[in-house]
Amino acid sequence: MNDNILWGGIGVLLAVGGAAVIGLEMTQADPLTQIYGVGVILAALLTVLIVAPSFRAN
């Protein structure tokens with residue numbers, strides 16, 4: 001297996017998992033935590049947008 005796919009997949013899973021966890025926390029949080037949560041979710045989306053095209057190339 002290609003190492004780029006392996007580590008890229010792990011990175012995407014961690015990003016999506018982190019976004020899911022913080023998304024659950026955002027429902028009961030103060031405004032500062034909600035802003036942080038939006039940042040985490042945007043970072044996860046950016047990670048997927050950057051890493052996902054490399055999966056098709058390989």
Side-chain angles (χ1 to χ4, degrees):
M1 176 180 262
N2 188 345
D3 285 340
N4 292 335
I5 293 175
L6 175 68
W7 291 108
I10 291 171
V12 167
L13 288 175
L14 286 172
V16 171
V21 169
I22 201 68
L24 293 173
E25 291 293 323
M26 285 175 54
T27 60
Q28 306 171 12
D30 59 25
L32 185 60
T33 304
Q34 290 179 346
I35 292 170
Y36 173 76
V38 170
V40 170
I41 291 169
L42 289 175
L45 289 174
L46 185 63
T47 300
V48 171
L49 289 174
I50 290 171
V51 174
S54 68
F55 292 159
R56 283 188 313 170
N58 293 322

Visitor: How long is the span from the CG atom in L49 to the CG atom in L42, to the nearest 0.5 Å?
Guide: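 Going from CG on L49 over to CG on L42, the span is 10.5 Å.
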
Visitor: Is it possible for you to say whether V38 and Y36 belong to one hydrophobic cluster, with membership spreading through side-chain heavy-atom contacts below 4.5 Å?
Guide: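 Yes; Y36 is reachable from V38 via cluster members.
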
Visitor: Following the transitive rule for hydrophobic clusters with a side-chain heavy-atom cut-off under 4.5 Å over Ile, Leu, Val, Met, Phe, Trp and Tyr, establish whether I22 and L24 coincide in one cluster.
Guide: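 The answer is no; the residues belong to distinct hydrophobic clusters.
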
Visitor: What closest approach, in Å, do A44 and A15 show between heavy atoms, and which atom pair accounts for it?
Guide: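 It is CB-O, 3.5 Å.
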
Visitor: Membership question, hydrophobic clusters at under 4.5 Å side-chain separation (ILVMFWY): are V16 and F55 in the same one?
Guide: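 They do share one cluster, since a chain of ILVMFWY contacts under 4.5 Å joins F55 to V16.
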
Visitor: Considering all heavy atoms of both residues, which atom of P53 and which atom of V48 are nearest to each other, and what is their separation?
Guide: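 Looking at all heavy atoms of both residues, the closest pair is CD-O, 4.1 Å.
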
Visitor: Quick one: do L45 and V12 end up in the same hydrophobic cluster if we chain Ile, Leu, Val, Met, Phe, Trp and Tyr together by side-chain heavy atoms under 4.5 Å apart?
Guide: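 Hydrophobic grouping puts L45 apart from V12.
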
Visitor: Minimum heavy-atom separation for M26 to I41, with atom names?
Guide: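 In terms of heavy atoms, the two residues are closest at SD-CD1, 4.0 Å.
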
Visitor: Linking I/L/V/M/F/W/Y whenever any side-chain heavy atoms sit under 4.5 Å apart, do L13 and I50 land together?
Guide: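 No, because L13 and I50 fall into different hydrophobic clusters, even though each may have its own neighbours under 4.5 Å.
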
Visitor: Determine the minimum heavy-atom distance between T47 and G11, stating which atoms define it.
Guide: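 Closest pair (atom of T47, atom of G11, distance): CG2-O, 4.3 Å.
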
